[in-house]
Amino acid sequence: MNAAGVQGAGRFAPSPTGPLHAGSLLAAVASFLDARRQGIAWRLRLDDLDLPRNEAGADRAILLALECHALHWDGPVTRQSEHADRYAAALDELRRQELLFYCRCSRRALRHTTVYPGRCRGYVKPRADSAIRVRVDGAVVELDDLLLGPQRWPLATEGGDFVVRRRDGIVAYQLATAVDDGDADITRVIRGRDLLATTPRQVFLMSRLGLNVPVYGHVPLLVDRHGQKLSKQAHAPALDLTRPADNLARTLGLLGLPTAPTEAGCDEMLQWAVERFDLRGISGGDALAQ
């Protein structure tokens, strides 16, 4: 089921902060099926920049879980921690465009604001103990989401100027993801709806950096009985790797394919699913985890 000789790729980019859970599997399978349906490669990237949150052995656990479910990626596994030079070059380009400033505003100081008030905009020269923010000015981002339709975000009222390098020196998620997803090879990003709010900031950075903007599709989430998204931070249970076919069948049902041949192995089940998968068949609402 590997794609070969077809330009473009989808990707799955988990953070190694714990093992995959059912919500992670939903996002991975949606991205995998979409890439295979399009006849493009499916890449795997580990978003491991947030070193304090990384869990020892989680990277190996993620790879094992994907392999157990026959989610075979194309090409080598990449890691954001290997891309420091790319991120530094992106910061240099934004600095050249006079878009960056150095901010010492703490989370506590901003806790009652939903839009950054611009307090530190005048600090355009490097200063110690500062995060780096990018100015959004009057930028408006528009795109047509494959599942949600037309989207429009005026960034000045959608959080305002945002952090691209954290105060501790770690490159922020928004910049790292924009640079990596803006690679010419990545043409489709299918991911959870919880990440929709990050998309306009990433697209804004891609446009400023002259990078490719992929097509986006944001799929529904798995939630618990309280309506809370399954997540590693909320201690969602890890996938049971002794029952991959059952896990996969449940996931396919949530993606609009409720009659998957459960007697088949994972490879055969995914092949069956690729031939029938349609993003438009995914339910619009979040699903309750079983």
Side-chain angles (χ1 to χ4, degrees), residues 10-32 42-69 71-73 75-84 86-87 107 131 159 162-181 183 186 189-199 201-202 205 216 218-224 226-242 244 247-248 250-251 254 286-287 289-290:
R11 60 66 161 171
F12 179 55
S15 299
T17 55
L20 294 186
H21 51 74
S24 312
L25 185 64
L26 179 65
V29 172
S31 174
F32 177 89
W42 189 62
R43 308 293 187 200
L44 177 60
R45 183 182 77 229
L46 295 175
D47 286 1
D48 61 348
L49 280 184
D50 198 345
L51 298 179
R53 292 183 58 230
N54 290 346
E55 183 179 294
D59 52 354
R60 296 187 297 275
I62 288 169
L63 302 189
L64 176 61
L66 293 174
E67 289 170 340
C68 281
H69 292 85
L71 294 167
H72 306 303
W73 55 92
V77 177
T78 61
R79 297 171 181 265
Q80 286 193 323
S81 56
E82 300 167 343
H83 302 165
R86 293 186 193 177
Y87 307 146
R107 289 185 179 181
F162 58 92
V163 173
V164 288
R165 196 199 71 185
R166 296 177 357 186
R167 202 166 185 166
D168 60 8
I170 295 176
V171 173
Y173 170 79
Q174 307 292 3
L175 180 64
T177 302
V179 170
D180 290 330
D181 285 349
D183 187 282
I186 302 299
V189 171
I190 308 299
R191 59 186 181 182
R193 201 163 293 175
D194 55 319
L195 295 172
L196 178 64
T198 72
T199 302
R201 295 177 176 186
Q202 292 161 21
L205 290 171
Y216 287 92
H218 291 85
V219 299
L221 306 175
L222 272 184
V223 298
D224 63 20
H226 303 294
Q228 209 173 30
K229 182 195 80 161
L230 292 193
S231 68
K232 297 167 188 172
Q233 291 89 341
H235 308 294
L239 289 167
D240 181 354
L241 300 189
T242 68
N247 298 337
L248 196 53
R250 283 195 296 271
T251 301
L254 295 169
D286 295 335
Q290 298 179 3

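Quick caveat: nothing in here was measured; it's all calculated off a predicted structure. Heavy-atom basis, side chains included; hydrogens, waters and symmetry copies ignored.
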Side chain to side chain, [X] and [Y], heavy atoms closer than 4.5 Å:
X	Y	result
Thr17	Asn54	yes
Glu55	Pro19	yes
Arg43	Thr78	no
Thr198	Gln174	yes
Leu44	Pro14	yes
Leu241	His69	yes

Let me confirm one number: the [atom1]-[atom2] distance from [X] to [Y], rounded to the nearest 0.5 Å.
X	Y	atom1	atom2	answer
Ile62	Ser24	CD1	OG	7.5 Å
Leu205	Thr177	CG	OG1	10.0 Å
Phe12	Trp73	CZ	CH2	11.0 Å
Leu175	Arg166	CG	CZ	12.5 Å
Leu49	Ser15	CG	OG	9.0 Å
Gln202	Leu195	CD	CG	7.5 Å

Set of side chain to side chain donor-acceptor pair (under 3.5 Å) partners for Ser31, sequence neighbours left out: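 Partners of Ser31 under the side chain to side chain donor-acceptor pair (under 3.5 Å) test: Trp42.
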
Counterpart residues, side chain to side chain donor-acceptor pair (under 3.5 Å), relative to Arg45 (two or more places apart):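 Testing Arg45 for side chain to side chain donor-acceptor pair (under 3.5 Å), a comparison that skips the adjacent residues, returns Asp47, Asp181.
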
Shortest non-hydrogen separation from Pro16 to Ala58 and the atoms involved: O-CB, 3.4 Å

Considering all heavy atoms, the nearest Ala28-Leu66 contact: CB-CD2, 4.2 Å

Donor-acceptor contact below 3.5 Å, side chain His21 vs main chain Gly23: yes

Verdict with reasoning, His218 to Asp194, per side chain to side chain contact (heavy atoms under 4.5 Å, CB included): CA-CA 8 Å; His218 291 85; Asp194 55 319; over 6 Å; no

Distance-only polar pair, side chains of Arg191 and Thr199, donor-acceptor under 3.5 Å: yes

Sequence neighbours left out, what passes side chain to side chain contact (heavy atoms under 4.5 Å, CB included) with [X]? Give chain and number order.
X	answer
Thr251	Leu25, Leu26, Val29, Leu255
Pro52	Asp50, Ile170
Ser81	Asp48, Arg79

Residues Ile186, Asp180; criterion side chain to side chain contact (heavy atoms under 4.5 Å, CB included); working and verdict: CA-CA 8 Å; Ile186 302 299; Asp180 290 330; over 6 Å; no

Pairing residues for Asp183 by the salt bridge (charged side-chain N to carboxylate O under 4.0 Å, His left out) criterion, not counting sequence neighbours: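 Listed in chain order: nothing, the list is empty.
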
Parallel, tilted or perpendicular: ring planes of Tyr87 versus His83, cut at 30 and 60 degrees: perpendicular

